[in-house]
Structure formats: structure tokens, C-alpha cells
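Have a look at the structure below, then the notes.
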Amino acid sequence: MYQNNWQELEQKLFLRTFKRMPVTLVRGQGVWVWDDRGKKYLDFIGGWAVDSLGHCPPVMIKALEKQAKTLIQASNQFYTIPQIQLAQLLIQNSCLDRIFFCNSGAEANEGAVKLARRYGRLHLNGAYEIITTQSSFHGRTLAMTAATGQSKFQEPYTPLPTGFINVDYNNVGAIKKATSERTCGVILEPIQGEGGVNMPDDNYLKEVQRWCHEKGIPFILDEIQTGVGRTGSLFAYQQYGVEPDIMTLAKGLGSGVPIGAFLAKEHVSVFAPGEHGSTFGGNPLVCAAAYATVKYIIEHDVPGKVKQVGNYFMSRLNSLKQQFDFITDVRGRGLLIALEFDSEIAEEITMSCLERGLLVNKVKPDAIRFMPPLIINEEEVDKATSILENTLRETRSLKH
Ligand code: PLP
């Protein structure tokens, strides 16, 4: 009896971690997904900023098919070609020199922190503390919960691992104040995604980088959400005039297959053999898919297109802001954008968009976020904007 009701079955079987939307998705194509009743949705969540090339992109299907017939998994005891090809592509197109592959964002950040701690042990007199910011998000492992500057994620799990200090975001003075002889790294998201699409001041990252250089501390950027084209350049750091010493990636890197990575400049690449590892990290199947994704993104100037369509989307949202006085802010870069309201109506707006066939994310009680596939075009942006406009009109009539 349960087989016909996936949602009821899920309620019985799963630990209650996810508050899912009442929809069972069964299929995706490009920027569209379908539920089990055949209803179609325009997807502006994109697998949570993951489906860079949209759903089931032909270039990935081809790469996955070919690799699935060739070699799926071999241990990191051996050299395998897809991971070396992917490494070369990422290193040639970034300011970093070396890479380690893993399976998720949290794991990439864990690796980056371990690397910074090794650097601290070897070059900073045993320094081990990492400075992070309030409203950040770095993942769900215990250490990354401590790194994530949001008490709602931390409180259920105290005592947390030590060695993390959360300071004000967008405040270089707070980082300076927190720096001590124990500091072995500063980790920041160039734009805070989960915290609400919080934009830094133009010179913030530059000033933090300058401070880190002055103190000889690794400057770490978590580009898990902002990287691989999302903000209109291959990596967000390129738009802020900085270069991280360590950078983490995941999400859009594999356009839907689970992969993470951290990259480092030569001078901080201090791991010795055996000091870090992973069974699945760099698996040939996911690396072939990620290689196809990144190659497509670079060869087709997807970041340039993201910039263009993102600006267009922003202009459409700004005209909605003119129309609806309860929109208080439109912010973001590329295709990572939030719309903020003057009250906690994000839940009802999200549900009303869902009803009308548009998937958007409630990022805060008073804000929604858009993170569609990077291949979205202006026509699809128009469709989404028009659904949103109808939703907002209904909200206004209920408000008054
Ligand atoms: N870092 C950032 C900036 C993120 O946005 C996320 C996920 O939303 C993570 C880390 C954690 O990634 P994952 O869920 O793959 O562990």
C-alpha cells in the first residue's frame, strides 16, 4: 500500500531531518522538473545550486555512459585518468596549484581546515584556530557546524569541536581582533549563500587577504556555492581582486553528481603522504562527469552568459520591487539572488510559487533565494518573473 504513496513511506522510514515540499520529483530536463502526477515546474532551486548545466544535460549523460562502461571505481592507491584530467582543468583555470578530491562541500571544508592546521603546525608555531564569520555556512559535520556561524545549527550539538571563532561578517576589524598566535586560517564565503545571499563590501575580501598575508595566515575561500560560474565568473574571487591560498568547491562542480574538492597554492600544500585520504574521492565516474561539466562551462563561456542573464533577472526583480512596496531588497550576483520582504512571508510566497509551477527557496523567514541552472535563458527568466509577479499580487491583496 505504501508503494503508491512515497511521501507517507518517507515519513515512516526517515530520520526527521528534512522539511520537504509536498512534491515527489521524478524527472528533469534542462530547467524543468516533473512530479509523479505529471505537473511541470520551472526549477529556480537547481538541486540547491548544483545542477549547473540543468537536468540531465546531454554532455554529462555521454560522459557518464562512457565512463560507466570503462571504469567506475578504483581506489586512490592507483592513478586514474578522469581525476587527473579534472585536476589539470581546474588548476589551469584558477590561481591554485594542487588539488584533493572528496565527495561533498562539508568534506572539502574539513580537508581545507586540516590543511590549514598542518600549515599551522609546521609554519606557525603550532597555530590551530580558524576564524570564520557569523551567518556563514560551511557544512554539517561536527567541525563544520562549529565553523558555521549560526547558533541554530550549533546549539543542538554542543559541546562542539574547539578551534573555531565566529566573528562579524563584512567587518575586517573583527577578524583582526580575533587573530592571535593561535590563528592558522581565515575562511570566508565570498558571498554568504545559506545566510541569505549576504554581499560583502567591495573591498572586504581584499582587506582580509591583505591582513592574512601580513600575518602569514592562509586565506581560505569557501566557493562551494559561489564557484564554477554561479556568480558570473568561473570563481567569485576573480571579481573581488583576490586570490585564495586555499579554495573549496562542491555543488555545481559536478552538475549533479556528488563531488567536492579543495585546492591550494604551492606554499600551503603541506600534506605528507597518508595525512589525508578518501575512498570515493576522485572516483572516475564522478570525475568524468565533473570534467565534462567544467569543460562545457569554460568552452561555452557559461560564466559570461550567467552574468548577462543574471543582470537581466536582477533588472526584472528590481522592477517588481518598484511595483510591490513590501519587497525591501534585491541582492546577489550572477545567478545567486535573493529577494527580501518587510515581514516573514517567504514561506507563503514559496508555497504559492510552487502551486503555480515555480520552485524557489525560502532562504530566511523574510527572504527567498534563486539559484537556477546556469544555462537558463531570458525567456525562462520572464516566465519565472511572471509567476512571481502573480504570486506577489496575490500576497498584496491578502496583506491589504
Ligand atoms: N559551504 C557552502 C558555502 C555551502 O553553501 C554548503 C551547502 O549549502 C556547504 C559548504 C556544504 O556542502 P554539502 O552540503 O555538500 O556538504
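In each ligand, atom 1 is the first atom listed, and ligand 1 is the first ligand listed.
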Where on R140 is there a heavy atom closer than 4.0 Å to ligand 1, on the side chain, on the backbone, on both, or on neither? neither
Just by distance, with hydrogens left out, do R393 and S397 show a side-chain donor and acceptor under 3.5 Å apart? no
Heavy-atom count around K364 NZ within 6.0 Å, excluding the residue itself: above 12? yes
Relative to ligand 1, is T226 under 4.0 angstrom through side chain, backbone, both or neither, heavy atoms considered? neither
Heavy-atom donor-acceptor pair, Q238 side chain to F235 backbone, under 3.5 Å: yes
Parallel, tilted or perpendicular: ring planes of H123 versus Y119, cut at 30 and 60 degrees: tilted
Does D168 reach the main-chain N or O of A174 with its side chain, forming a donor-acceptor pair under 3.5 Å? no
Apply salt bridge (charged side-chain N to carboxylate O under 4.0 Å, His left out) to residues E214 and R210 and explain how you reach the verdict. CA-CA 6 Å; E214 203 178 309; R210 195 176 307 132; over 6 Å; no
Would you mind listing which atoms of ligand 1 come within a distance below 4.0 Å of any non-hydrogen atom of Q225? 5 (O)
Taking 4.0 Å as the limit for heavy-atom contacts, which would you say applies to E194 with ligand 1: side chain only, backbone only, both, or neither? side chain
Determine whether the side chain, the backbone, both or neither of E189 has a heavy atom under 4.0 Å from any heavy atom of ligand 1. side chain
Kindly indicate whether atom 14 (O) of ligand 1 is approached by any protein heavy atom to under 4.0 angstrom. no
Of the side chain and backbone of A250, name the one, both, or neither that has a heavy atom under 4.0 Å from an atom of ligand 1. neither
Give a yes/no on ligand 1: does E223 have at least one heavy atom closer than 4.0 angstrom to it? no
Geometric cation-pi criterion, R98 with F271: 6.0 Å, 45°: no
Looking only at protein heavy atoms, which one is nearest to atom 12 (O) of ligand 1, and how far off is it? G105 CA, 3.3 Å
